[in-house]
Amino acid sequence: MRRNARLYLKLQLIQLRTAVEYRADFWIGILGASLMHGAGLVFVVALFGQINEIAGWSAWEVAILYGLALIPRGLTELFCDGPWTLRMMLNKGEFDRVLVRPVSPALQVVTMLASIHGVGQLTLGTVAFWLGASRSDLDWTWWKAAFFVAIVISSWIMLCAINFLVNLIGFWEPSAQSAIPTAYAMLIDFAKFPLDIYHNAIKVLITVVAPYAFISYFPALVLLDRETAWTWLGLASPLVTIVVVLLTSRLWKIGLNRYQGVGH
Amino acid sequence: MQTAIAYRVTALFQIAITFIWVFILYALWDAAFLESGAIAGYTWDEMRTYILIAYGLNALVGWRVGGQMMGTIRTGEITRELTRPLNYRSTQVATAAGLSVIEGVIGLLLVVILGTLFFDVQPPDSVRAAILFVFAVLVGFLIKALCIFLVSLLCFWTLSSVGLMWAQQSVISILSGTLIPIAMMPDWLRLVAEVLPLRGIVSTPLQIYLGKSQGWDLVGLLALQVGWLAVLWVFSDWAWKAAFNAVEIQGG
């Protein structure tokens, strides 16, 4: 365990250093990622320039949702973006190399890539959350602060697991082209806005199929002391993370056992 | 164009992914219009139509065109293009047109299916509006292709193109009026968006479609677009020559 942690830090640091090495790319990457999510924020600003609140949510409360979605996303891209290389590795047969090394395959996959532009999302998310939290009526108590930290960590772990989960498709469908993983990852955009506005089908989609609502909406209900029938789900968020992690590790093992190489 | 058909499913998915925001926007505005009948001169009927068609239009010249233009420069393949006795800018725009036919057809299909099933989209304001809409879309298409071409020139200086693509897509989605109609933007943003050519991609065609722009206003809008198109056409040719002379090609 300690050896793994040390290895992880070392490998990840190398990846981050590599990313910083190409100056122009580094800054453009950060700029691009910030703009991508910033565009959504510009939209929110414009939207609330026209109306005061949406389904009972003010602009600052939506900013909280935005922040809760972006912070773990940024952390995940920084520290756990490796699974996105998995499908390409499987496709090209490079995965053989991973399997013969004396380090756990999962650890190697995680450290395959560190997307430095996660910094952009992390910053943007932190600013959005901070602004939202200080300008809406969010009463901080010590347990809420603890809850917030717990939620960020739990969301981060969930998104890391989801990174693995979606890319495991590579074990079953070896073409590296599939857009399903990207689509699944993109569903998080729904969770940047209050669930109340969506059609029931979408509510089910981002609660059950892709549990992104447990990252932003449900925890936000708890933080804002909203008394709805669903508020308790915010407290259950870490449990959902555990379920996702267990499911992912199970499928990962099945996938590993299935892997037969590409015929060298 | 044939390159584009080869990866059908991928293309379909890539376009479908951008449509996630159609559902988000629909839900948001649906909730917003519960409180008031009209926002910045738009009714809910018009807004629905706007959201859906805006994304359909923005799907024209999508990821793949930009990716391809950038890839040509990044991999050094550009040298091969240069040996051809054709204007590089024009060939790139023509390739974009080919790729876009497919993206356009898929986007259009999605718009029609969603439009009739869920969105209850409004028809064009009048026959004349419909004809001018098609014209404006064509001009907008060329403007977008040229803008992406100009951005792709930056690839002479960078190694990877992903960041550039993101930046470009986001700026376009805001300033073209895809995410939010120009009339609803805060003042500072509206001033910028009204002057720049990007509005020609989505906002101008839609204003014509919905009959928001009539008479001299309409003439002015179209003139602005055609004017920008001419400027970009000349400028892009000059810019790529300048860029090409300025930098060496990777591994060349």
Side-chain angles (χ1 to χ4, degrees), chain A residues 19 21-40 42-57 62 115-117 120 175 177-199 201-203 205, chain B residues 6-7 9-21 23-36 38-40 42 63 118 154-155 157-175 178-190 193:
Chain A
E21 201 56 36
Y22 299 100
R23 281 294 147 78
D25 285 40
F26 168 67
W27 287 112
I28 289 177
I30 289 190
L31 178 77
S34 313
L35 272 174
M36 192 162 64
H37 296 274
V42 170
F43 165 74
V44 172
V45 171
L47 175 72
F48 283 100
Q50 300 294 332
I51 52 168
N52 291 325
E53 56 169 39
I54 196 134
W57 290 69
V62 172
S115 302
I116 194 79
H117 47 72
S175 104
Q177 287 283 342
S178 169
I180 297 172
T182 322
Y184 192 91
M186 286 268 304
L187 289 178
I188 198 175
D189 281 354
F190 280 120
K192 290 174 179 168
F193 298 99
L195 218 60
D196 314 69
I197 61 170
Y198 298 121
H199 187 271
I202 296 180
K203 282 183 192 162
L205 182 70
Chain B
Y7 295 101
V9 185
T10 322
L12 183 72
F13 250 105
Q14 269 167 352
I15 293 170
I17 288 171
T18 62
F19 273 74
I20 285 181
W21 270 86
F23 290 103
I24 295 179
L25 291 176
Y26 180 91
L28 277 171
W29 288 113
D30 193 10
F33 275 98
L34 280 180
E35 287 172 35
S36 57
I39 296 173
Y42 283 82
W63 269 94
F118 304 108
L154 291 176
C155 268
W157 286 275
T158 63
L159 286 172
S160 92
S161 50
V162 186
L164 277 180
M165 289 286 280
W166 284 338
Q168 160 201 307
Q169 295 271 329
S170 336
V171 171
I172 290 180
S173 72
I174 288 280
L175 290 179
T178 309
L179 267 178
I180 190 160
I182 289 181
M184 296 187 188
M185 291 177 181
D187 288 339
W188 55 273
L189 189 62
R190 197 175 63 225

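Reminder, nothing fancy here: chain letters follow the sequence lines and each chain counts from 1. Atoms considered below: every heavy atom in the structure, side chains included; atoms not considered: hydrogens, waters and symmetry mates.
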Value rounded to 0.5 Å, distance of NZ in A/Lys203 from CD1 in A/Ile197: 9.5 Å
Heavy-atom proximity to chain A below 4.5 Å, by part of B/Leu28: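 Contact with chain A is through both the backbone and side chain of B/Leu28.
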Interchain contact, A/Ile202 with chain B, by part (heavy-atom threshold 4.5 Å):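 Just its side chain gets close to chain B.
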Contacting region of A/Phe193 [heavy-atom separation from chain B under 4.5 Å]: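 Just the side chain, heavy atoms under 4.5 Å.
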Minimum heavy-atom distance A/Val62-A/Pro194, with the two atoms named: CG2-CD, 4.1 Å
Nearest atoms (heavy-atom pairs only) where A/Leu47 meets B/Ile180: N-CD1, 3.8 Å
A/Phe48 and A/Ile54, any side-chain heavy atoms less than 4.5 Å apart: yes
